[in-house]
Amino acid sequence: MPEADREGERYALDQPQQTPGFYLKGSHQLDWGMKNRMARVFDPRSGRTVMLAIDHGYFQGPTTGLERIDLSIVPLLPSCDALFCTRGILRTVIPAQCQKPMVLRASGGPSILRDELSDEEIAMDMDDAVRLNAAGVGIQVFIGGEHETRSVHNMTRLVDAGLRAGVPVMGITAVGKAMVRDAKYFRLACRIIAELGAQYVKTYYVDDGFETITASCPVPIVMAGGKKLPELEALTMAYSAVQQGACGVDMGRNIFQSGAPQAMIEAVAAVVHKNLKPKQAFELFRSLKADAERGAANVAAE
Ligand code: 5RP
């Protein structure tokens with residue numbers, strides 16, 4: 001029997017983890033405030049989320065597509081389920097009347113000028129997350145990285161603070177350059193993050209065995225976007241991830257670096273919440289993009 005079949009049996013892919021009394025995996029025994037914050041991020045109708053990740057500035061500065069968040073990202077807010085950003089951008093650029101749930105980047109340290117990105121610390125107090133009415137916080141965990149123990153400890157301290165305040169923690173699998181990005185690695189990293197208390201995990205998609213990563217992780221997984229891909233490929237990746245058990249996406253560059261970010265976020269949302277197939281989602285993207293271009297041409301002609 002091929003290895004993949006044996007793995008399928010061991011992960012019991014045909015028997016989803018039970019979630020008695022609440023719709024999100026592993027969240028049914030959390031306190032009310034924590035559940036309520038989770039329910040703001042993960043749409044109770046689909047059980048999934050489209051988080052828009054724009055936290056990149058915390059180590060990359062004004063990266064491509066995020067030079068002017070007020071112009072490029074604020075107009076997209078109505079189309080996402082939640083925004084993943086830094087507290088600096090939240091306070092300075094995101095309108096306080098915005099009712100979208102905010103998940104705040106809570107780690108930082110090295111910039112892209114350094115080789116070793118795992119040298120992070122907690123970069124925000126839980127008190128401030130509560131003050132900002134955050135729906136959650138996110139932190140990198142570098143399994144196998146040079147500063148693995150510190151990054152795990154950063155996360156567990158944040159989880160302790162989150163449990164005191166009722167604020168969920170999203171643990172993010174940060175992959176060092178030397179690490180192989182395969183299902184074996186991500187199963188290990190996601191499971192460690194969940195075992196040590198994170199309420200959900202952000203991780204990358206892999207073509208082979210992604211369903212074993214979601215099956216062996218007892219909390220919801222959201223798919224990280226990664227580097228910019230052609231739109232059809234990004235939509236296919238998001239579709240495959242949710243069909244294989246991801247509870248949505250936390251995508252950045254594949255949305256804000258698209259030639260048509262508004263069209264792309266709406267196509268991603270159709271994939272995530274309505275199970276739209278990749279080719280149909282791409283058609284939706286193209287028609288929304290064409291509408292937007294026609295609208296812009298008409299404005300220019302007036
Ligand atoms: C890295 C992160 C990022 O800072 C960011 O959220 C990545 O988003 P994307 O890869 O979709 O551009 O969490 O792990």
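Each ligand, and each atom within it, is numbered from 1 in the order the structure gives.
- Looking only at protein heavy atoms, the nearest one to atom 5 (C) of ligand 1 is Asp55 OD1, 3.1 Å.
- Here the heavy atom of the protein found nearest to atom 11 (O) of ligand 1 is Gly252 N, 2.7 Å.
- Looking at every heavy atom in both residues, Leu52 comes nearest to Cys80 through CB-CB, 4.0 Å.
- Of all the heavy atoms of Lys227, none lies under 4.0 Å from any atom of ligand 1, so neither backbone nor side chain is involved.
- For Phe186 and Phe210, the gap between ring centers reaches or exceeds 6.0 Å.
- Ranked by closest heavy atom to atom 8 (O) of ligand 1, the top entry among Met51, Met170, His56 is His56.
- Contacts of Arg253 with ligand 1, taken as heavy-atom pairs under 4.0 Å, involve both backbone and side chain.
- Between Phe59 and ligand 1, not a single N/O pair is under 3.5 Å apart.
- Using a 4.0 angstrom heavy-atom cutoff, Ala174 does not count as in contact with ligand 1.
- Under the 6.0 Å distance and 45° angle rule, Lys277 does not count as a cation-pi partner of Tyr239.
- At a threshold of 4.0 Å, the pair Asp128-Arg87 counts as salt-bridged, since one of the basic side-chain nitrogens sits closer than that to a carboxylate oxygen.
- Distances below 4.0 Å separate heavy atoms of Ala53 from the following atoms of ligand 1: 6 (O), 8 (O).
- Annotation for Arg114: atom CZ does not count as buried by contact number, only 12 or fewer foreign heavy atoms lying within 6.0 Å.
- When only modelled atom types and interatomic distance are considered, Gln199 and Arg37 share no side-chain donor-acceptor pair under 3.5 Å.
- Contacts of Phe256 with ligand 1, taken as heavy-atom pairs under 4.0 Å, are absent altogether.
- Per-residue contacts place Met251 under 4.0 angstrom from the following atoms of ligand 1 (heavy atoms of the residue considered): 11 (O).
- Residue contact check for ligand 1: Lys228 places no non-hydrogen atom closer than 4.0 Å to it.
- More than 12 heavy atoms of other residues, nucleotides or ligands lie within 6.0 Å of CG in Asn298, so this atom counts as buried by the packing criterion.
- At under 3.5 Å, not a single nitrogen or oxygen of Tyr58, backbone or side chain, sits near a nitrogen or oxygen of ligand 1.
- Of the protein's heavy atoms, Arg105 NH2, 3.6 Å lies nearest to atom 2 (C) of ligand 1.
- Nearest heavy atoms, Gln257 versus Lys228: O-CE, 3.4 Å.
- Looking only at protein heavy atoms, the nearest one to atom 1 (C) of ligand 1 is Gln140 OE1, 3.8 Å.
- Residue Ile172 places a heavy atom under 4.0 Å from ligand 1.
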### Message
Using the rule given for side-chain contact (heavy atoms from CB on, under 4.5 Å), can you reason through Lys279 versus Leu284, listing the C-alpha separation, both sets of side-chain angles and the distance that settles it, and then say yes or no?
### Response
CA-CA 9 Å; Lys279 279 192 183 144; Leu284 175 66; over 6 Å; no

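- Between Phe256 and His56, the distance from one ring center to the other falls under 6.0 angstrom.
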